[in-house]
Amino acid sequence: MTFKLYIKKFLIVSMVSILTVVLFNLYQNEFGLFGDSNGKNIRIYANQKTSKYLFSFNYIPDNFDGILVGASYSNQMVDTQKLSNHYDIYNLSMDGANISELKVAIDNTIKYGDIKLFIICLSPYITKNNGIKSSQINPKEYYSSLGSISNFKYYYKKYIDLEQGDKSEYYDSYWGYINNEQALKNTDSTMEIDDYISDLKKTTGFKIHVDNIAYNELSQTLSNIRNKGIQVIAYYHPFPKRLFNVKAYRESYAGYKDKIDKLLDFKDDVVIDFNQTKYNYIRGYDDSYSDAGHLSKLGANKIINVLKTHIGNLD
């Protein structure tokens, strides 16, 4: 075989291999990126941020008319399918996400879909810093879904998950929420809250930081949503009542809330402050939490019931 013939065969085999991989991924369409995904049920298997980012191009716009966004406080255990009597609301929240990362997926969903309801969970984490913090949200991921190293890693994680009996925290993630109840079953929320309060009391100069760029991005996001005629429901995540007995925390949180309040339209937005006294039936009980801030299934269901009432009042 001549070198020229070898190169020719090598190129043909390479092209056929690449085409095969691309066609396989098009057929699988794991993220609902291509074609009509209306009526499909697509869940997360791995790389939560990447998955939700890719879902925001087509799958979410095709199947949902509302979204819930926030960091892990609203991502974990908040099952938006329980709100489906009024809207089909996808939980687009992401663990560890700031507003810069959320905004990318929000903008896609608004651009390609017909969203009528926008729910945002307000917590200090989403405005703590700015910028894309990981490689999981990147425009290259769109075409990487047709064949790449990360794509193969995704299939491997999916295979392992299914082989182990599909018991991961993503097993019921068709509407986006993350069920980490199994992973946290041995967590003692009372001890977690006690430890956090103890650390707070030892900390000098405790302050909830609001990044200026993140603050402006949140402002821009809310303005864009309102300009499109989408109803906003903004709720302050409930933190354990006992935290507010610590003066430094109470005063710092009040400063944070005063600043975020300036971004809300109290005339047209539905604003819910779950840290008010009337919600002590949630924040006053440690079993509402899985740790010092994240909700347990019990606590999440209490939040959902309140949201359901407010959404019902919009009709």
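What you are looking at is a predicted structure, and each value in this text was computed from that prediction instead of being measured.
No donor-acceptor pair under 3.5 Å is formed between the side chain of Asp114 and the backbone N or O of Asp65. The backbone N or O of Ser288 lies less than 3.5 Å from a partner atom in the side chain of Ser296, making a donor-acceptor pair.
By the neighbour-count criterion of 12 heavy atoms within 6.0 Å, atom NZ of Lys257 is densely surrounded, having more than that number from other residues, nucleotides or ligands.
Screening residues 232-246 for salt bridge (charged side-chain N to carboxylate O under 4.0 Å, His left out) gives Asp194-Arg242, Arg242-Asp286 as the qualifying pairs, with residues at least two apart or on separate chains.
Geometrically, Lys40 does not engage Tyr59 in a cation-pi contact defined by less than 6.0 Å to the ring centre and at most 45° from the axis.
By the criterion of side-chain heavy atoms lying less than 4.5 angstrom apart, applied directly or through intervening Ile, Leu, Val, Met, Phe, Trp or Tyr residues, Tyr177 is not grouped with Ile119; the two fall into different hydrophobic clusters. Cluster membership check: Ile60 shares its hydrophobic cluster with Leu102, using side-chain heavy-atom separations under 4.5 Å among Ile, Leu, Val, Met, Phe, Trp and Tyr.
In this structure, Arg226 pairs ionically with Asp269, as a charged nitrogen and a carboxylate oxygen lie closer than 4.0 Å.
The aromatic rings of Tyr253 and Tyr249 sit parallel to each other, their planes meeting at less than 30°, with 60° as the upper class boundary.
Judged by distance alone, the side chains of Asp211 and Asn129 never bring a donor and an acceptor atom under 3.5 Å apart.
In this structure, His237 has its ring center closer than 6.0 angstrom to the ring center of Phe239. Outside the 6.0 Å centre-distance limit, the rings of Phe274 and Tyr236 are not counted as a close aromatic pair.
If you take CE on Met94 and CD on Gln48, they are separated by 7.5 Å, rounding to the nearest 0.5 Å.
When the salt bridge (Lys or Arg N to Asp or Glu O under 4.0 Å) test is applied to Asp265, no partner is found at least two apart in sequence or on another chain. For Ser290, the side chain to side chain contact (heavy atoms under 4.5 Å, CB included) partners two or more places apart in sequence, or in a different chain, are Leu184, His294.
The shortest distance between side-chain heavy atoms of Leu264 and Asp261 falls below 4.5 Å.
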